[in-house]
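What you see below is based on every heavy atom in this structure, not just the backbone, and it leaves out hydrogens, waters and symmetry mates. A, B, ... follow the sequence lines: proteins, then strands. Residue 1 opens every chain. Note that the coordinates shown come from a computational prediction; the quantities given were computed from them, not determined experimentally.
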Number of protein chains: 2
Amino acid sequence: MKPIALHERIRAEIEAAILGGQLRPGDRIPKETELMAEYGCARMTVNKALSALAGNGMLERRKRAGSFVAQPRTQSMVLDVPDLAAAIAARGQSYRWDLTSRKISAPARAEAEALGVRAKVLSVTGVHFSEGLPLAFEERMINLALVPDIAEADLSQTPPGSWLIAHVPWTEAENRISATAAPVAVARALGIARGAPCLMLERRTWRGTDTVTRVRQHFVADRYELVARFGPGGN
Amino acid sequence: MKPIALHERIRAEIEAAILGGQLRPGDRIPKETELMAEYGCARMTVNKALSALAGNGMLERRKRAGSFVAQPRTQSMVLDVPDLAAAIAARGQSYRWDLTSRKISAPARAEAEALGVRAKVLSVTGVHFSEGLPLAFEERMINLALVPDIAEADLSQTPPGSWLIAHVPWTEAENRISATAAPVAVARALGIARGAPCLMLERRTWRGTDTVTRVRQHFVADRYELVARFGPGGN
DNA sequence: TAGTGGTCTAGACCACAGC
DNA sequence: CTGTGGTCTAGACCACTAA
């Protein structure tokens, strides 16, 4: 038996009461001084337990009023959007990246607005393979003003996403996930029928207010899925 | 100027250093006693800041070794998986739910294994409409042993997902997102061509070790996308 | 084995929102 | 106004593990 920290025990017991239905949304929880007496510990210990529950969104704490069981949460989950090379390798499968085009240019007007930059841009397309089969077609634009070093990188060996993760910190990102019918160019690159269903992932990454990169990946439907998990306490 | 808590300021400064690149993955962070001296505060205050960062996965803390900037960040994003009725209403669009079937039964063998329960199960199918157009076809199974009250609910008025969110707490959930070609039954329910691309969302929700519900939603490709965001500090 | 984080105490003052 | 949570202190002992 490993001894469990007291604050963790308090936290777990209250959580269990909420999940088991003994405490219902809106119910009031004993005040810190009461719990402190009940468990025979210092107030900070109780506070640590309650703060953790509040941080998880299971409690709402209001000064002068007390602590209350929160309303059922919105379903927000943690989605791990992997670096493809690493993710495939982690599954024990072989990985290969085929660079199919690489171009440096000033972005066209439409692209400039989409990227939110007027600086020069590195445009790259290529295909990710897993176990020798095409998995995803990638089109990417990279802001050279923010990431000048990537112009020197050998992107035929390292997929641009892997290079960027290793070299460029970012502050914000947005992913859009949708399903589409494969356009001709994508279908040809992936060796599937035109119009076949694809999972499309569009990601845009910022550093501060500047766009770092913008990428669109078309996945062969049968060969890929995204998994998102949520558990209280982030386990 | 609202005064910011000291532990929060410490947390934010270290986080900024990590995101800004001054601290790189694997770098060691000053030990608690050093930070305590630097900020002129008690050790618990520093500890609270570092514990929060460790909880966010930005730091890894090892006894006897110290605190280190966590691994090359997996792109973890917060994916909001909305209650469809609420999400559509929030966009100012009209929403309608059509219940197409409702059945209580002991699950077949395959279903029992999939659900992880042998108790009776409520099976429901229906279609979500937005602005009068079919948006998603839903197939759902609900564990009646855990949620007996839903047998009395009027699921022709309230979609089961909305009812569950309002009434049932859960401890863990998993979402799988993929693209598929619409099967015949789905295509017919949504009024699209058989084989047309669909975004498929499969969600399974647990309370403790028991499955609460399992749902599969097929979205018409052009009419829906999922958005996941990440910002430092979870904003 | 020694240094680090993990935990806990018994106080304290303050801000703020309900009463 | 007063009770509640928010924050902080200056100690302390322990568990674990890396050196």
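- Note that CG of D83(B) is 9.0 Å distant from CD1 of I88(B), once rounded to the nearest 0.5 Å.
- As a whole-Å value, the separation of K31(A) NZ from dG18(C) P is 15 Å.
- When the side-chain nitrogen and oxygen atoms of S67(B) are compared with OP1 and OP2 of dT4(C), none of them lie within a distance under 4.0 Å.
- Rounded to whole Å, the distance from CD on E32(A) to P on dC13(C) is 18 Å.
- A straight line from CG of N47(B) to C1' of dC8(C) spans 11 Å, rounded to a whole angstrom.
- Closest to the side chain of K63(B), from the set dA15(D), dG6(D), dT7(D), is dA15(D).
- To the nearest angstrom, P of dT7(C) lies 13 Å from CG of L50(B).
- Rounded to whole Å, atom C1' of dA19(D) lies 12 Å from atom CZ of R28(B).
- Residue-level contact check: L6(A) touches the backbone only, with heavy atoms under 4.0 Å from sugar-phosphate atoms and none from bases.
- Between the side chain of R43(A) and the base of dA10(C), no donor-acceptor pair under 3.5 Å is found.
- Using a 4.5 Å heavy-atom cutoff, the side chains of L164(A) and T205(A) are not in contact.
- Counting any heavy atom pair closer than 4.0 Å across all strands shown, T33(B) reaches no nucleic acid atom.
- In this structure, T45(A) reaches the dT9(C) phosphate: one of its side-chain N or O atoms is under 4.0 Å from OP1 or OP2.
- Between dA18(D), dG5(D), dT9(C), one nucleotide has an atom nearer to the side chain of R64(B) than all others, and that is dA18(D).
- Across the protein-nucleic acid pair, M44(B) atom CE and dA12(D) atom P stand 16 Å apart, rounded to whole Å.
- E13(B) and Y39(B) form a side-chain donor-acceptor contact under 3.5 Å, judged by distance and modelled atom types alone.
- Rounded to an integer number of Å, the gap from CE of M36(B) to C1' of dG3(C) is 15 Å.
- Across the protein-nucleic acid pair, R61(A) atom CZ and dT7(D) atom P stand 10 Å apart, rounded to whole Å.
- Atom CG of D27(A) and atom CD1 of I18(A) lie 9.0 Å apart (nearest 0.5 Å).
- In terms of polar N and O atoms assigned as donor or acceptor, the side chain of R62(B) never comes within less than 3.5 Å of the base of dG3(C) in a complementary pairing.
- Taking for each of G40(A) and G66(B) the nucleotide of DNA chain C with the nearest heavy atom, the 5'-most of the two is the partner of G66(B).
- Between F137(A) and H218(A), the ring planes lie tilted relative to each other; the angle falls in the 30° to 60° range.
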